[in-house]
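Report on the following structure.
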Number of protein chains: 2
Amino acid sequence: MLKKLDPIIHSELRLAIMSLLISVNRADFKYLKEETESTAGNLSVQLTKLEEAGYIKVEKGFKGKMPQTTCSITKMGIEAFEKYVEDLKSYLKM
Amino acid sequence: MLKKLDPIIHSELRLAIMSLLISVNRADFKYLKEETESTAGNLSVQLTKLEEAGYIKVEKGFKGKMPQTTCSITKMGIEAFEKYVEDLKSYLKM
DNA sequence: TAAAGTAGTTTATAAAATAAACCAAAATAT
DNA sequence: ATATTTTGGTTTATTTTATAAACTACTTTA
């Protein structure tokens, strides 16, 4: 009955990141930091975990002369997020 | 936009416990252990946390000669669960 | 009456989240 | 020109959380 929830996604900050990337498809570090109201350190760590899981792609480039990290969700990430939402429903009676 | 999720509820096992108690209203330790597929130790710890938060009531009695711990959700618990579900929706686009 | 099972709690360990400290380069003020 | 602050992060340390292992007390069964 109760499905096992993907632990990579079931973390408040990572869930927030995934949620944002599902909507916007592409977002830079600064935007994610503002929207999630997280610290840079925490965000950096969680982005790395999502990247290692293959759920997001992280690209490093420059915006003018300043470094810029851009993130986007992968196909695997979309599927994992959708499965997570489905599994979660078993807990929420939806 | 993204709401802060109640950390007492946002834990897989505690969410499962709350979800079960919302439905059945009353459940003993054994039932919760089976349904959640958790270890007794982990279950014991998480029940105590929910009790300390005022979200559940834990009553110790006997079933025949064997000790029996019975749990039920409180009004506070119901409200917290409902708020959690609402807040969660901001992440899931529902 | 010894061994095994039940119903848990307590304590120790592992994993995760978060915060603090740090780094390199750019922009700004002196 | 050069010191100071700001930006955009990463790395490391600390705290918190989850989980597992060990233990307790009593009961049932062999």
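Given the structure is predicted, the values throughout are model-derived calculations rather than measurements. Convention: sequence-line order gives letters A, B, ...; per-chain numbering from 1.
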Nearest whole angstrom, please: distance from the P of C:dA7 to the CG of B:Leu47.
-> 15 Å
Sidechain N-carboxylate O distance under 4.0 Å for A:Lys49, A:Glu52 = no
For B:Ser44, answer base if it contacts any base atom (sugar-phosphate contacts may also be present), sugar-phosphate if it contacts only those atoms, and nothing otherwise; contact means non-hydrogen atoms under 4.0 Å.
-> base
A:Thr48 or B:Gln46: which one's nearest nucleotide on DNA chain D is closer to the 5' end?
-> A:Thr48
Out of curiosity, does B:Ile9 fall in the hydrophobic cluster containing B:Val24 (side-chain heavy atoms, cut-off under 4.5 Å, transitive links)?
-> yes
Under 4.0 Å between a side-chain N/O of B:Lys60 and OP1 or OP2 of C:dT9, yes or no?
-> yes
Closest listed nucleotide, where the reference is the side chain of A:Val45 and the choices are D:dG9, D:dT11, C:dA16 | D:dT11
Given the rule that I, L, V, M, F, W and Y join up when any side-chain heavy atoms are under 4.5 Å apart, are B:Val58 and B:Val45 in one cluster?
-> no
Just call it for B:Gln68: base, sugar-phosphate, or nothing, with non-hydrogen atoms closer than 4.0 Å on any strand.
-> sugar-phosphate
Could you tell me the separation between the CZ atom of A:Arg14 and the P atom of C:dA16, rounded to a whole number of Å?
-> 8 Å
5'-most contact on DNA chain C: A:Lys49 or A:Phe62, nearest heavy atom basis?
-> A:Lys49
Selection from C:dG8, C:dT18, C:dA27 that lies nearest to any side-chain heavy atom of B:Thr69 | C:dG8
Given DNA chain D, 5'-ward residue of the pair A:Asn42 and A:Pro67, judged by closest heavy atom | A:Pro67
The side chain of B:Met66 lies closest to which of these nucleotides: C:dA27, C:dT9, C:dT6?
-> C:dT6
Please work out if B:Lys30 contacts a base, only the sugar-phosphate, or nothing of the nucleic acid, heavy-atom cut-off 4.0 Å.
-> sugar-phosphate
Carboxylate-amine/guanidinium proximity below 4.0 Å for A:Lys83 and A:Glu79 | no
Base, sugar-phosphate, or nothing for A:Ser11, non-hydrogen atoms under 4.0 angstrom?
-> sugar-phosphate
The answer to which of B:Gly41 and A:Thr39 contacts DNA chain C further toward the 5' end, by nearest nucleotide, is B:Gly41
